[in-house]
Every structure is written in C-alpha cells, then in structure tokens.
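As the structure is a prediction and not an experimental result, all values here were calculated from the model.
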Amino acid sequence: MALDNTGFSSCSESLSLPVPEKGEEPVEEAPKDALPTNVQDAFEELGHVVTTETAPPTQQQANNSMSFQDKMAAREAQANLPFKKKIQVPGQERGRFGWGRSRRKRQRYVEKNGRCNVQHGNMRKTYRYLTDIFTTLVDLNWRCSLLVFVMAYAVTWLFFGAIWYLIAYCRGDLDHLEDEAWTPCVNNVNGFISAFLFSIETETTIGYGHRVITDQCPVGTMLLLLQAILGSMVNAFMVGCMFVKISQPNKRAETLVFSRNAVISLRDDKLCLMFRVGDLRSSHIVGANMRAKLIKSKQTQEGEFIPLDQTDISVGFETGDDRLFLVSPLVISHEIDVRSPFWDMSQSQLEKEDFEVVVILEGMVEATGMTCQARSSYLAEELLWGHRFSPMMTLAEGFFDVDYGAFHHTFEVDTPSCSARALALAAARLDAHLYWSISSRLDEEKWEGPNMTEQTVKSTDSESVREGDGPTFTVGGVTNTQDQSVVGEQNGSVTTDQSESEA
C-alpha cells in the first residue's frame with residue numbers, strides 16, 4: 001500500500017534533513033560543537049553572559065529562519081553557558097523556590113500620629129447617637145460643625161418668621177396696610193421678608209425700633225416669649241459646642257512627640273525596651289502618666305483565636321516610674337523580666353515576629369485643666385536591637401539646653417543577641433560557679449589547717465635528738481608532703497630544750 005505524500009506537504013522545510021540527489025555532491029553536515037556565525041557573534045558581544053531579557057522581534061525572525069540543526073546547536077551552547085547567580089536584595093525574604101519576595105507590611109492598629117486605624121460598620125442602632133447629641137456634634141469635623149451651626153440659626157429664624165407672617169395673614173393685617181385706624185399685631189410687617197427680619201431682631205435681641213409688637217395681639221405676645229426662650233437655648237447649645245470643640249485638647253497632643261524608633265539594649269546588666277518622649281511647649285503636662293500595650297494576635301490552649309490581643313507592658317508601675325515630670329525629654333524604659341512578653345524573644349526572633357507596641361501618654365493640660373492623651377506605636381521592624389538614644393541635653397550658662405535635633409538619633413552599642421531568659425540563665429550559672437568555688441576553698445582551708453599542724457607537732461616529737469650533756473636543739477622534722485613542710489616553715493617549728501645531764 002503506497003503512502004500519500006500530500007499529508008506531509010504542510011511540514012516545515014526546516015524539519016527535513018537534506019538528502020543528496022543523484023549527480024550532486026553530498027552536503028557536509030555541520031559538527032555539533034560548531035555554532036552558526038550569528039550566534040557566535042552574539043556571544044562574543046555579550047561576553048558569554050545570558051540575560052533574562054527577551055530578544056527583539058528582529059532577532060526572533062532571524063531565529064525562525066535558522067535550520068533545525070542550527071537551533072539545536074544554539075540551544076546546547078546556551079545550556080552550557082554559566083548563568084548569572086540570583087542576588088537576594090536585602091530586606092527581602094526567600095520564597096518557596098528561592099525567589100526574593102518583599103516582606104508583607106503589617107497593618108497598623110494605631111498610626112504614628114495617634115489616630116486609631118479602626119472603622120465601625122454595620123451599626124444598625126444609629127439612634128443612639130441622637131441620645132447624646134452634644135457629643136455627636138462635638139465629634140463632627142469642622143465642615144459639618146459649621147454647617148450645623150449656620151443651619152441651626154437659619155432654621156429657627158425662618159420658622160418663627162413664617163409663624164409671624166401667618167399671624168399677620170390670619171388677622172388681616174396685610175389687608176389693612178393703608179388703614180391708619182387698624183391696629184396690627186406687629187407694626188410695619190407687610191410681607192414675609194419683613195416678618196423674617198422681625199424674627200431675627202427678636203431672637204438676637206437687636207431691636208431696631210421700626211417693627212414692634214402691639215398690645216392688641218395676645219397670640220403674638222405668647223409667640224414672642226416662646227421665641228426668646230428657644231433662642232436662648234439655641235445660643236447656649238451652639239456656642240457651647242463651638243467652645244468645647246475649639247478648646248479640645250486633641251491639638252495639644254501635637255506638641256507631645258515620641259521617638260521614631262524604640263531601642264533594645266542593656267541597662268544595669270538587664271535587657272530593656274526603651275523609647276523617648278518629649279514636650280515641645282513650655283507649659284507642662286500636669287500629672288503625666290505613661291502606659292504601654294502589646295498588640296498581638298494569639299491562640300489559646302483551647303484553640304480560640306484572639307485577634308489583636310492587648311497585653312500590658314510595665315513601664316514602672318510598681319516603682320512609680322510611670323508618673324513623669326515631663327519638663328525635658330525622657331527615655332521610658334521597660335525592663336524585660338519574667339513577666340515581660342519579650343522574655344523569650346531574641347534578636348533573630350524579633351525580626352520574624354509580627355506585633356505592635358502602643359504607647360499612651362496621659363495628663364492634664366496646665367493652661368485649660370483638660371485631660372490630654374497622646375498616642376503612638378512601634379512595629380517589630382521599628383525596634384532597633386543593640387541601639388541607644390543619643391544624649392540631647394547640655395549645660396549652658398545658667399540653664400539646660402535641649403537640642404531636639406538629636407531627639408530621634410540612636411547609636412549602636414554592644415548588646416548580646418540572645419533573649420533575656422538566656423542572659424539570665426548565663427548570669428545565674430556564673431554566680432553559682434563563683435559561689436561554689438569560693439565556698440570550696442574556704443572549706444579546704446578550714447578542715448586541712450588543724451590537721452596539718454598536728455602532724456607537724458607529732459613528727460617533731462619523734463625525731464628529737466639529744467646531744468651530750470649540753471643543751472639539746474630540736475629541729476622540726478620535714479614531712480613527705482610539700483604542703484606540710486610549707487606550713488611548718490610558716491609556723492616556725494624550731495624549738496630549743498635545755499636539760500641537765502644525768503650522772
């Protein structure tokens with residue numbers, strides 16, 4: 001059965017091998033190691049460096065025109081070339097396949113300026129805001145507050161102006177404008193505009209004297225009393241809101257500054273977490289109090305997940321160091337002890353943790369007597385391990401000079417990279433070693449001293465030598481132990497005994 005060659009007519013000519021026809025010389029095949037001239041020129045220009053950039057369209061067209069053997073040879077040569085090594089950018093983490101990826105930035109719970117990054121949604125009982133309308137109006141922004149302030153007066157003026165116009169219309173005062181014998185409710189009210197102006201004069205107690213109420217209108221008298229009372233209430237309410245909003249101590253917190261970073265270093269041979277706080281104004285914060293919170297999600301032993309769990313960080317509550325006399329910038333210190341949440345945290349572990357430290361400064365403004373609160377926060381990457389704050393106070397002629405240009409400056413110091421637990425264990429081992437070594441030496445001197453003296457005395461009695469009838473000299477015997485000889489020399493065991501000669 002013959003095969004039909006029409007089915008292979010669509011194949012590319014580059015995939016077919018050259019077959020020499022009769023009468024033609026055989027075509028020499030290019031060696032596998034030899035590369036085409038255009039590929040060699042390209043490699044010479046690139047210096048045998050393979051880049052990840054895509055080839056331009058002209059080069060792709062040139063590659064398409066190459067034969068199958070040339071393409072295979074080019075691929076083999078490209079595979080044999082050394083590739084560039086991937087360089088990991090500092091500040092990036094390794095991914096699953098070794099590719100660099102940027103570390104995900106943690107969402108702040110409290111911004112650096114103290115604003116809480118929390119939004120409330122799906123609140124159905126919005127009528128609760130109206131029950132505390134005063135606080136609601138104070139909490140509004142200035143644009144809405146000014147709009148409410150203007151609308152409160154405009155609505156009341158328009159409302160009572162419409163009622164004055166309605167009274168004049170119902171009594172027929174508008175129909176007897178030219179009648180001098182007619183006594184209207186309000187003189188010189190000939191329309192809505194004049195009634196509106198009379199309402200403004202009544203509520204603001206201006207009283208130009210051109211429009212006045214008469215004694216022939218009891219309804220108007222009652223309305224005048226009602227508008228005067230309600231006008232006074234509106235004035236008191238709106239002026240009070242504006243005064244409280246203007247005198248809010250929120251802007252006072254703008255002059256209470258915290259350091260840009262917190263540091264961890266040794267203080268009195270103990271690891272401490274420290275940050276700096278200062279007051280830019282000359283008027284002080286009375287009764288300043290400092291607090292700190294650790295914001296970190298955790299999971300309980302029962303499997304309950306608690307997002308943004310808050311843990312107290314002691315900044316001197318037991319010793320009273322949390323109560324500040326904030327005249328000059330102070331460095332607030334948290335000692336990392338057994339009760340600290342950073343007890344088991346080392347420098348390497350700190351770089352992997354995901355938490356936020358919120359610091360809160362509270363006090364009373366000296367000028368207004370209102371309570372002020374300033375807040376800030378530090379993420380894990382904003383805690384500098386092995387750093388210390390630069391000094392910023394110098395002694396000038398007659399006063400202390402504070403240089404706020406060095407408020408955020410830190411410098412590196414020698415700090416162990418282990419955790420506070422490991423540092424405490426190492427210190428305990430060192431103390432125990434010193435204690436037992438000193439006590440053992442004291443025990444040796446206590447028990448070996450008397451025994452050595454007794455042995456020396458016994459040896460002296462046994463080795464005494466008498467010489468003739470004259471006086472006898474007894475020389476202290478030397479024992480075999482080197483220590484005893486030393487003790488004998490120190491004690492001076494040389495004695496003289498005189499005895500009479502026997503007949």
Side-chain angles (χ1 to χ4, degrees), residues 90-91 93-94 103-106 108-110 258-277 290-322 330-360 376-389 410-440:
E93 297 179 356
R94 285 288 184 179
R103 185 177 180 181
R104 180 179 64 87
K105 187 176 181 181
R106 189 185 188 278
R108 286 185 178 273
Y109 188 66
V110 177
F258 294 89
S259 58
R260 190 180 299 110
N261 298 96
V263 298
I264 297 178
S265 61
L266 289 176
R267 175 176 279 189
D268 295 333
D269 295 334
K270 295 181 181 179
L271 280 178
C272 296
L273 170 67
M274 294 171 285
F275 57 93
R276 181 179 276 171
V277 61
M290 177 62 66
R291 294 185 293 123
K293 293 280 187 179
L294 175 65
I295 308 298
K296 183 180 178 182
S297 301
K298 74 171 186 178
Q299 188 172 4
T300 61
Q301 298 180 358
E302 294 79 12
E304 180 187 2
F305 179 74
I306 304 177
L308 302 178
D309 181 62
Q310 299 183 11
T311 305
D312 284 333
I313 299 177
S314 177
V315 289
F317 177 76
E318 295 82 1
T319 59
D321 294 337
D322 59 333
L330 300 176
V331 176
I332 310 301
S333 176
H334 161 65
E335 181 180 339
I336 303 178
D337 52 7
V338 182
R339 296 171 294 179
S340 173
F342 306 105
W343 175 245
D344 296 322
M345 190 174 299
S346 61
Q347 182 179 5
S348 59
Q349 188 178 1
L350 176 65
E351 299 174 355
K352 303 176 183 178
E353 288 292 334
D354 188 9
F355 61 86
E356 183 177 357
V357 177
V358 178
V359 292
I360 305 170
S376 185
S377 66
Y378 301 98
L379 297 179
E381 55 267 20
E382 294 175 348
L383 269 62
L384 304 180
W385 191 286
H387 283 246
R388 188 179 297 167
F389 285 105
T410 61
F411 61 95
E412 294 185 3
V413 292
D414 294 335
T415 304
S417 60
C418 61
S419 62
R421 176 192 288 272
L423 190 63
L425 290 176
R429 293 193 189 98
L430 181 59
D431 294 341
H433 176 71
L434 293 176
Y435 172 77
W436 288 111
S437 62
I438 294 174
S439 61
S440 60

Exercise. First locate atom CZ of R388, then atom CG of L266, and finally report the distance between them rounded to the nearest 0.5 Å.
Key: 8.0 Å
Exercise. Can you measure from OG1 (T415) to CZ (R267) and round to the nearest 0.5 angstrom?
Key: 12.0 Å
Practice problem: Identify, with sequence neighbours excluded, every residue that meets salt bridge (charged side-chain N to carboxylate O under 4.0 Å, His left out) alongside D337. | Solution: R339
Exercise. For residues F275 and F389, report the shortest heavy-atom separation together with the two atoms involved.
Key: CA-CE1, 3.6 Å
Self-check item: Atom CD of Q349: over 12 foreign heavy atoms under 6.0 Å
Solution: yes
Quiz prompt | Shortest non-hydrogen separation from V331 to M274 and the atoms involved | solution = CG1-CB, 3.8 Å
Quiz prompt | Minimal non-hydrogen separation, S419 against S346, with atom names | solution = N-CB, 3.7 Å
Quiz item: Between atom CD1 of I264 and atom SG of C272, what is the distance when rounded to the nearest 0.5 Å?
Solution: 10.0 Å
Solution key, residues 292-306 side-chain donor-acceptor pairs under 3.5 Å, sequence neighbours excluded:
residue : atom : partner : partner atom : Å
K293    : NZ   : D312    : OD1          : 2.4
K296    : NZ   : E353    : OE1          : 2.8
S297    : OG   : L308    : N            : 3.1
Q299    : NE2  : G303    : O            : 3.4
T300    : OG1  : E304    : N            : 3.0
T300    : OG1  : E304    : O            : 3.3

Quiz item: Of the non-hydrogen atoms in M290 and I360, which two are nearest, and what is the gap between them?
Solution: SD-O, 3.2 Å
Quiz item: Do the side chains of D321 and E335 get nearer than 4.5 Å, heavy atoms only?
Solution: no
Quiz item: Does some side-chain heavy atom of D322 sit less than 4.5 Å from a side-chain heavy atom of S314?
Solution: no
Self-check item: From CG (L350) to OG (S417), nearest 0.5 Å
Solution: 11.5 Å
Quiz item: Rounded to the nearest 0.5 Å, how far does CD of E382 lie from CD of E356?
Solution: 8.5 Å
Quiz prompt | Spacing of NE2 belonging to H387 relative to CZ belonging to F411, to within rounding of 0.5 Å | solution = 10.0 Å
Quiz item: Side chains of T410 and N261: closer than 4.5 Å at any heavy-atom pair?
Solution: no
Quiz item: Are F342 and V357 side-chain neighbours, meaning at least one heavy-atom pair lies under 4.5 Å?
Solution: yes
Exercise. Go through V359 and H334 one step at a time and tell me if the side-chain contact (heavy atoms from CB on, under 4.5 Å) criterion holds.
Key: CA-CA 12 Å; V359 292; H334 161 65; over 6 Å; no
Quiz item: Of all residues at least two apart in sequence or in a different chain, which pass the salt bridge (charged side-chain N to carboxylate O under 4.0 Å, His left out) check with R276?
Solution: none
Quiz prompt | side chain to side chain contact (heavy atoms under 4.5 Å, CB included) partners of A420, counting only residues at least two apart | solution = L271, I336, W343
Exercise. Report the residues that fulfil salt bridge (charged side-chain N to carboxylate O under 4.0 Å, His left out) with R421, sequence neighbours left out, ordered by chain and then residue number.
Key: D344
Quiz item: Got a sec, which residues hit side-chain hydrogen bond (donor to acceptor under 3.5 Å, both in side chains) with S376, two or more places apart in sequence or on another chain?
Solution: none
Exercise. State, yes or no, whether a side-chain contact exists between S377 and R108 at a heavy-atom distance under 4.5 Å.
Key: yes
Quiz item: Does the side chain of F355 come within less than 4.5 Å of L383's, by heavy atoms?
Solution: yes
